[in-house]
Amino acid sequence: MPPPPPTARATSHLPSLPPPPASYNSLIRTYARSSVPSLKLEALRLYHSLLLDPSAPPPNRYTFPFVLKSCAFFSFFSEGSQLHSHVVKFGLACDTYVANSLVHFYSSCGKLACARKVFDKISEKSRVSWNVIIDACVTNGDYQEALALFREMQVEKFVPDIYTFQSVIGACTGIGSLSLGMWAHKLMLRSTDRELLLSDALVNNSLIDLYSKCGSIALARKVFDEMPVRDIASWNIMILGLAMHGLVDESIDYFTRMTSIEKLRPNAITFIAVLSACNHGGLVSEGKKYFDSMVNHYRIEPRIEHYGCIIDILARAGFIEEALETVSKMPCKPDAVIWRSLLDACCKKNAGLELSELLARQALEVKDDATSGVYVMLSRVYASANRWNDVALVRRLMSEDGVKKEPGFSSIELDDGTMHQFVAGDTCHPRSEEIYDNLQTIEKRLELQGYRPDSSQAPMIEGVAVVKGDSLRLHSERLAISFGLLTGAGPGRPIRILKNLRVCKDCHTMTKLVSQVYQAEIIVRDRIRFHHFRDGKCSCMDYW
DNA sequence: AATCGACTTG
């Protein structure tokens with residue numbers, strides 16, 4: 001008879017046979033370090049048996065880091081908070097290792113404020129203490145704070161290591177600032193640990209991600225070409241980056257190079273990257289081909305994300321029927337993302353009120369944090385059907401349901417490295433008056449070229465409802481473009497704009513014209529991809 | 001005796 005698998009053995013005999021008192025810690029450590037989730041869970045069970053076992057020694061400073069690691073992995077907030085009180089009860093709150101673990105635990109649970117509170121109380125901070133709090137800020141989206149803490153860390157004379165730089169680069173990526181990212185890169189080049197830092201795959205991977213997300217795919221490529229050792233993630237990030245920039249053929253070339261020449265085995269993420277390339281390029285049959293090869297050739301079980309990709313490819317290309325068929329055939333329950341992408345496609349295709357309403361209802365049933373997008377899309381459906389009463393109704397529903405509107409913003413980075421952020425209808429900028437005057441001039445010049453604003457696609461501006469007939473000149477990226485032109489953009493000096501939402505159809509048309517009339521290169525990063533505007537054309541080929 | 005790890009579709 002074959003021996004039982006290790007997991008089964010571990011769970012079946014452990015509760016009945018308590019370990020010898022002295023080996024609790026080392027067992028907990030082994031389980032917590034394992035990559036197998038069920039064993040990580042076992043670490044927590046063992047901790048409980050330790051508490052109940054009268055012959056066992058009380059938990060000490062070697063116990064908590066590992067139990068907390070398990071809690072962090074599962075984001076078990078209440079269990080971990082209980083552990084925190086045990087830490088205090090056993091008098092270990094001052095231990096740096098234990099405190100660092102608590103900071104990391106709170107950050108994995110999304111409790112940045114708790115993490116910060118613990119961090120601030122650490123009397124003997126170590127490099128790891130700084131690393132975990134900086135990472136906590138980055139994973140929770142507080143990029144500016146991460147950089148502020150990094151500066152403090154340097155003032156305190158701690159030497160940054162690969163973890164520090166990985167987080168710092170991640171913060172620059174989140175802000176979307178190319179010049180900040182280059183500053184971080186330069187810091188590494190000047191560091192005494194230069195060789196060590198620049199040979200690390202993790203650091204290089206975060207640099208590739210940084211450069212491709214900050215608009216410089218050329219620099220991303222350079223890092224990729226020069227790094228000594230590439231792992232699958234390096235390829236994945238590169239494939240995604242190229243796809244995001246609309247360099248679809250090259251993106252697929254990298255996949256081919258990775259699998260055929262380097263003989264690397266693609267993983268589930270690689271296929272998300274390749275499918276995303278197909279999606280940006282509108283390559284429907286290729287997308288199906290890769291999905292099929294993933295399942296049948298590589299034997300990778302498709303996850304809901306993969307279904308999401310293929311459904312989006314189909315729907316965006318106008319094959320809404322086939323997309324719906326895929327939804328009905330997939331083995332897992334569709335999530336809000338899938339319903340939203342179908343609804344989005346219906347909006348663009350004017351696929352009919354009934355279907356759109358049905359999809360919106362489905363999308364709203366699955367609660368997640370992006371419901372405001374559904375309301376915005378639904379109001380667009382009603383607007384294009386000229387059902388303005390229903391547009392108003394949606395707006396009322398939104399406020400009644402207390403839906404948090406995601407405020408749209410556009411930020412622009414100037415050559416001097418300063419970032420200027422605008423929201424719709426913003427008048428806060430010191431040069432606001434000039435910006436609005438210039439915008440009027442721009443619109444007049446464009447109208448001479450035959451441009452007519454088209455508000456049909458946007459009954460709401462970046463989460464704010466507008467009255468029909470209102471000018472769309474308030475869209476935040478228009479303010480950014482106007483400001484960019486004022487600061488002397490021109491040939492060789494592109495305007496770099498970052499948006500948190502997607503570009504609307506009318507703004508897209510307008511930006512193309514601006515790039516032609518003003519001979520300006522405009523690079524816009526929206527929620528999911530880059531648009532490079534030049535000579536009246538966009539790199540997305542109007543497919544986005 | 002130890003604490004920090006990522007690339008994801010819309």
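First the proteins, then the strands, lettered A, B, ... as listed; each starts at 1.
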OP1, OP2 of [N] versus side-chain N and O of [X]: anything below 4.0 Å?
X        : N     : result
A:Lys213 : B:dC7 : no
A:Asn205 : B:dG5 : no
A:Arg29  : B:dT3 : no

To the nearest Å, how far apart are [X] [atom1] and [N] [atom2]?
X        : N     : atom1 : atom2 : result
A:Arg33  : B:dC4 : CZ    : C1'   : 13 Å
A:Asn267 : B:dA6 : CG    : P     : 14 Å
A:Leu240 : B:dA6 : CG    : C1'   : 12 Å
A:His84  : B:dT3 : NE2   : C1'   : 15 Å
A:Ile208 : B:dC7 : CD1   : C1'   : 10 Å
A:Asn236 : B:dC7 : CG    : P     : 11 Å
A:Ile239 : B:dT9 : CD1   : P     : 14 Å
A:Tyr290 : B:dT8 : OH    : C1'   : 18 Å

message = Can you identify which nucleotide, out of B:dG5, B:dC7, B:dA2, has its nearest atom closest to the A:Leu202 side chain?
response =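 Closest of the options to the side chain of A:Leu202: B:dG5.
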
request  = Kindly point out which of B:dC4, B:dG10, B:dC7 is positioned nearest to the side chain of A:Val132?
outcome  =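 So the nucleotide nearest the side chain must be B:dC4.
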
request  = Give a yes or no on whether A:Phe319 atom CZ has more than 12 heavy-atom contacts from other residues, nucleotides or ligands under 6.0 Å away.
outcome  =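 No, not enclosed.
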
message = With rounding to the nearest 0.5 angstrom, report the NZ to OG distance, A:Lys222 to A:Ser216.
response =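 Between atom NZ of A:Lys222 and atom OG of A:Ser216 there are 10.5 Å.
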
inquiry  = Quick one, A:Asp135 with A:Tyr163, criterion side chain to side chain contact (heavy atoms under 4.5 Å, CB included). Give me CA distance, side-chain angles, the key distance, then yes/no.
reply    = CA-CA 8 Å; A:Asp135 183 64; A:Tyr163 295 108; over 6 Å; no

Let's see if you get this right: which residues in [range] place a heavy atom under 4.0 Å from DNA chain B?
range                       : value
residues 140-172 of chain A : A:Tyr163, A:Gln166
residues 299-320 of chain A : A:Arg303, A:Glu305, A:Gly308, A:Cys309, A:Asp312, A:Arg316
residues 93-128 of chain A  : A:Asp95, A:Tyr97, A:Asn100, A:Ser101, A:His104, A:Val128

inquiry  = Is there a salt bridge (charged side-chain N to carboxylate O under 4.0 Å, His left out) between A:Glu365 and A:Arg361? Walk through the geometry before answering.
reply    = CA-CA 6 Å; A:Glu365 227 163 73; A:Arg361 201 167 298 133; over 6 Å; no

Assess [X] against [Y]: is NZ or CZ under 6.0 Å from the centre of the six-membered ring, and within 45 degrees of the ring's axis?
X        : Y        : answer
A:Lys40  : A:Phe73  : yes
A:Arg116 : A:Phe119 : no
A:Lys111 : A:Phe77  : yes

task = Kindly say whether the aromatic ring centers of A:Tyr298 and A:Phe271 come within a distance under 6.0 Å.
result =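 For A:Tyr298 and A:Phe271, the ring centres are under 6.0 Å apart.
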
message = For the aromatic rings, using the six-membered ring if either is Trp, is the centroid distance between A:His508 and A:Trp544 under 6.0 Å?
response =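 Between A:Trp544 and A:His508, which both carry aromatic rings, the centre distance is below 6.0 Å.
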
query = Would you call A:Glu286 and A:Lys289 a salt bridge, taking side-chain N to carboxylate O under 4.0 Å as the test?
reply =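 No, A:Glu286 and A:Lys289 are not salt-bridged.
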
key: Check against side chain to side chain contact (heavy atoms under 4.5 Å, CB included), A:Cys346 and A:Leu359   = CA-CA 9 Å; A:Cys346 285; A:Leu359 292 168; 3.5 Å; yes

task = Name the orientation class of the two ring planes belonging to A:Trp235 and A:Phe224 (parallel below 30°, tilted from 30 to 60°, perpendicular beyond 60°).
result =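 It falls in the perpendicular class, over 60°.
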
